[in-house]
Amino acid sequence: MPARRTSLALAAAALAVPLAAGCSTAQKAVDCARLGIEISNDVDDLQRSVTDTATDTDNAGRILDNLEKDTKKLKDKSGNVDVGKALDHLQKAVGNVRDALRDDKTPDLTPVTDAAGELSKVCTSK
């Protein structure tokens with residue numbers, strides 16, 4: 001479960017923010033980690049929804065809406081270029097999943113999980 005590991009890594013990052021860091025730097029790291037966890041949970045939900053016996057496209061659509069909302073929230077809060085790039089990759093992957101579901105195809109979730117992993121890396125490296 002890569003997304004679960006992502007959640008744990010992001011949670012650890014939120015707790016590992018050095019106390020000597022400036023308030024805004026520490027707050028940005030906590031925001032990145034917190035929203036990263038929400039995104040990771042959305043990815044977990046999406047995987048479950050898509051891998052159900054009969055894909056629940058309505059539920060998958062709601063989850064994709066949540067992913068887009070959480071991604072936008074994090075993008076608005078972060079001025080970090082690397083976080084922005086990771087979020088761009090995630091937004092593109094979410095769009096591809098939405099297109100596949102619209103065309104009644106089983107979406108490839110690998111780009112979504114890869115982008116969530118990329119986001120985890122950039123959130124935990126700051």
Side-chain angles (χ1 to χ4, degrees):
M1 300 283 168
R4 295 231 187 273
R5 278 184 257 145
T6 301
S7 293
L8 293 174
L10 290 168
L15 297 174
V17 174
L19 295 176
C23 271
S24 64
T25 302
Q27 187 59 48
K28 283 184 181 181
V30 169
D31 288 343
C32 186
R34 185 177 300 127
L35 287 169
I37 289 169
E38 287 180 34
I39 289 168
S40 179
N41 290 337
D42 292 340
V43 170
D44 283 347
D45 292 343
L46 181 63
Q47 286 177 317
R48 278 190 296 276
S49 177
V50 170
T51 58
D52 282 347
T53 315
T55 302
D56 181 355
T57 53
D58 288 340
N59 188 44
R62 282 189 297 277
I63 294 166
L64 290 169
D65 291 344
N66 285 339
L67 263 167
E68 288 173 338
K69 180 183 72 169
D70 291 341
T71 301
K72 183 179 178 346
K73 228 189 303 185
L74 182 52
K75 199 166 193 170
D76 289 347
K77 285 187 173 229
S78 175
N80 183 287
V81 174
D82 293 330
V83 171
K85 286 180 186 177
L87 291 170
D88 288 342
H89 293 158
L90 183 57
Q91 287 173 326
K92 182 178 180 184
V94 166
N96 291 340
V97 169
R98 192 179 294 279
D99 290 345
L101 289 172
R102 191 177 308 116
D103 295 339
D104 290 327
K105 296 179 183 172
T106 302
D108 178 10
L109 298 180
T110 305
V112 175
T113 57
D114 289 350
E118 182 183 352
L119 179 62
S120 173
K121 286 178 190 170
V122 297
C123 281
T124 58
S125 68
K126 302 295 170 205

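Sequential numbering from 1 along the given sequence is applied to the chain's residues. Everything quoted here is computed from the prediction, not taken from an experiment.
Shown here for I63 and D42, the closest heavy-atom pair between the two residues is CG2-O, 3.3 Å. The two residues H89 and A115 come nearest to each other via the heavy atoms C-CB, 3.9 Å.
In this structure the side chain of L101 reaches within 4.5 angstrom of the side chain of L64, judged on heavy atoms.
To the nearest 0.5 angstrom, L74 atom CG is 6.0 Å from L119 atom CG. The line from CG of D70 to CG of L87 is 10.5 Å long, rounded to the nearest 0.5 Å. To the nearest 0.5 angstrom, D44 atom CG is 11.5 Å from I37 atom CD1. Here the CG atom belonging to D82 is positioned 12.0 Å from the NZ atom belonging to K121, to the nearest 0.5 angstrom. Note that OG1 of T113 and CG of D108 are 8.0 Å apart. Values are rounded to the nearest 0.5 Å. Distance check, rounded to the nearest 0.5 Å: CG of L90 to CG of D114 gives 11.0 Å.
Using a 4.0 Å cut-off between charged side-chain N and carboxylate O, D65 and R62 make no salt bridge. K85 has no carboxylate O lying under 4.0 Å from a charged side-chain N of D88, or vice versa, which leaves the two without a salt bridge. We find that K72 and D76 are joined by a salt bridge, their nearest charged nitrogen and carboxylate oxygen being less than 4.0 Å apart.
With V112 as reference, V97 is the one residue of N96, I39, V97 to meet the side-chain contact (heavy atoms from CB on, under 4.5 Å) rule.
In this structure a side-chain-to-backbone donor-acceptor pair under 3.5 Å is present from T71 to L67.
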